[in-house]
Novice: 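Provided herewith is a single structure, encoded as structure tokens, for subsequent inquiry.
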Amino acid sequence: MRTKLVAGNWKLNGSRESNRALVAGILDGLSDAAGVEVMVCPPCVYLPEVAAQLSGSSVKLGAQNVSAEVAGAFTGEVAAAMLREVGCTHSIIGHSERRTLYGETDMVVAAKFEAARAVGLIPVFCIGETRDERESDATMDVISRQVAAVLDVAGPSGFAEAVIAYEPVWAIGTGLTASPEQAQQVHAHIRRIIAAADVKIAADIQILYGGSVKGANAAELFAMEDIDGGLIGGASLDAAEFLAICAAAAQTN
Ligand code: PEP
């Protein structure tokens, strides 16, 4: 059986003071989320400090991005081994904001996926269609293309230690959420693609939903057969809201 995972993507938000308060609030209220994996992904400059505050708790630490490179003349980049060294177990890879604002192609995303795996950093591999793609009925083709780009490079075994996050671009930060049925359709499609390569890996992989998840809509999404938790943006910046999402995951675990 798959464990639910709730991951908070703090994006470009926070300060030492607000992070301390947010993490303290999450740690204080986490007893309602027994059996759920919980993770926070702060901006990378704060990772060591947040790691120290999380020490001794079950809350995991993830990065928001990783370099495809290992070392060398790559100004501004952060390598997967560096993220491991400061306590990250996971890194978000291929978030739609990285794809659209920073020009990350499917190939770049696949290289980052491999760079993470090479040092045991679990990729949280983000995929999803734009509004235009959904309206032109291209959702499943887009998803297939995005998954195939990584499958081609990493092979099915690349997904043995990985998480996939389905994040319809039109639902990120917009207040619009895919209906549980819309999300389930895409999650099932993703699992079928992986199953065509390896049935066991497909059955085990956590597939998260992301896109305006809140305490009020989390339970109905997480109740769907192929939805194994959430990647949470805005609502992860508020401890009470994030904890409500974690509690919804625990109810549906
Ligand atoms: C995200 O950016 O990964 C995300 C899902 O954001 P939000 O929850 O704010 O839509």
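All ligand and atom numbering here is 1-based and tracks the order in the structure. Since we're looking at a predicted model, the values are computed, not measured.
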Novice: Report yes if the side chains of Leu208 and Glu167 come closer than 4.5 Å at any heavy-atom pair, otherwise no.
Specialist: no

Novice: Which residue and non-hydrogen atom of the protein lie closest to atom 5 (C) of ligand 1, and at what distance in Å?
Specialist: Glu167 OE2, 3.0 Å

Novice: Starting from atom 2 (O) of ligand 1, what is the nearest protein heavy atom, named by residue and atom, and what distance separates them?
Specialist: Lys11 NZ, 2.5 Å

Novice: Tell me whether Gly210 has any N or O atom under 3.5 angstrom from an N or O of ligand 1.
Specialist: no

Novice: Under 4.0 Å from a heavy atom of Gly173: give me the atoms of ligand 1 that qualify, with their elements.
Specialist: 7 (P), 9 (O), 10 (O)

Novice: For ligand 1 and Leu231, I'd like to know whether there is a polar contact (N/O to N/O, distance under 3.5 Å).
Specialist: no

Novice: Classify the ring geometry of His187 against Tyr209: parallel below 30°, tilted from 30° to 60°, perpendicular beyond 60°.
Specialist: tilted

Novice: Does even one non-hydrogen atom of Ala235 get within less than 4.0 Å of ligand 1?
Specialist: no

Novice: Side chains of Leu54 and Leu27: does their closest heavy-atom pair fall under 4.5 Å?
Specialist: yes

Novice: State, yes or no, whether a side-chain contact exists between Leu121 and His90 at a heavy-atom distance under 4.5 Å.
Specialist: no

Novice: Looking only at heavy atoms of Ser236, does any of them come nearer than 4.0 Å to an atom of ligand 1?
Specialist: no

Novice: For ligand 1, which atoms sit closer than 4.0 Å to a heavy atom of His95?
Specialist: 1 (C), 2 (O), 3 (O)

Novice: Within a distance under 4.0 Å of any heavy atom of Gly234, pick out the atoms of ligand 1 and give their elements.
Specialist: 7 (P), 8 (O), 9 (O)

Novice: Can you tell me if Arg2 has over 12 outside heavy atoms packed within less than 6.0 Å of its CZ?
Specialist: yes

Novice: Return yes if a side-chain donor-acceptor contact under 3.5 Å exists between Gln64 and Trp10, otherwise no.
Specialist: no

Novice: Is the closest basic N to carboxylate O distance between Lys4 and Glu37 below 4.0 Å?
Specialist: no

Novice: Could you verify whether a donor N or O on one side chain and an acceptor N or O on the other, from His189 and Thr139, lie under 3.5 Å apart?
Specialist: no

Novice: Quick test of your reading of the structure: of Gly175, Gly230, Ser212, whose heavy atom lies closest to atom 7 (P) of ligand 1?
Specialist: Ser212

Novice: Compute the centroid of each ring, for Tyr166 and then for Phe125, and state whether the two points are separated by less than 6.0 Å.
Specialist: no

Novice: As an exercise, identify every atom of ligand 1 less than 4.0 angstrom from a heavy atom of Gly211.
Specialist: 5 (C), 10 (O)

Novice: As an exercise, identify every atom of ligand 1 less than 4.0 angstrom from a heavy atom of Ala171.
Specialist: 10 (O)

Novice: Which atoms of ligand 1 have any heavy atom of Ile172 under 4.0 Å away?
Specialist: 1 (C), 2 (O), 4 (C), 6 (O), 10 (O)

Novice: How far is atom 8 (O) of ligand 1 from its nearest protein heavy atom, and which residue and atom name does that atom have?
Specialist: Gly233 N, 2.8 Å

Novice: Would you mind reporting whether Ile93 and Val124 have side-chain heavy atoms less than 4.5 Å apart?
Specialist: no

Novice: Do any nitrogen or oxygen atoms of Ile232 lie less than 3.5 angstrom from nitrogen or oxygen atoms of ligand 1?
Specialist: no

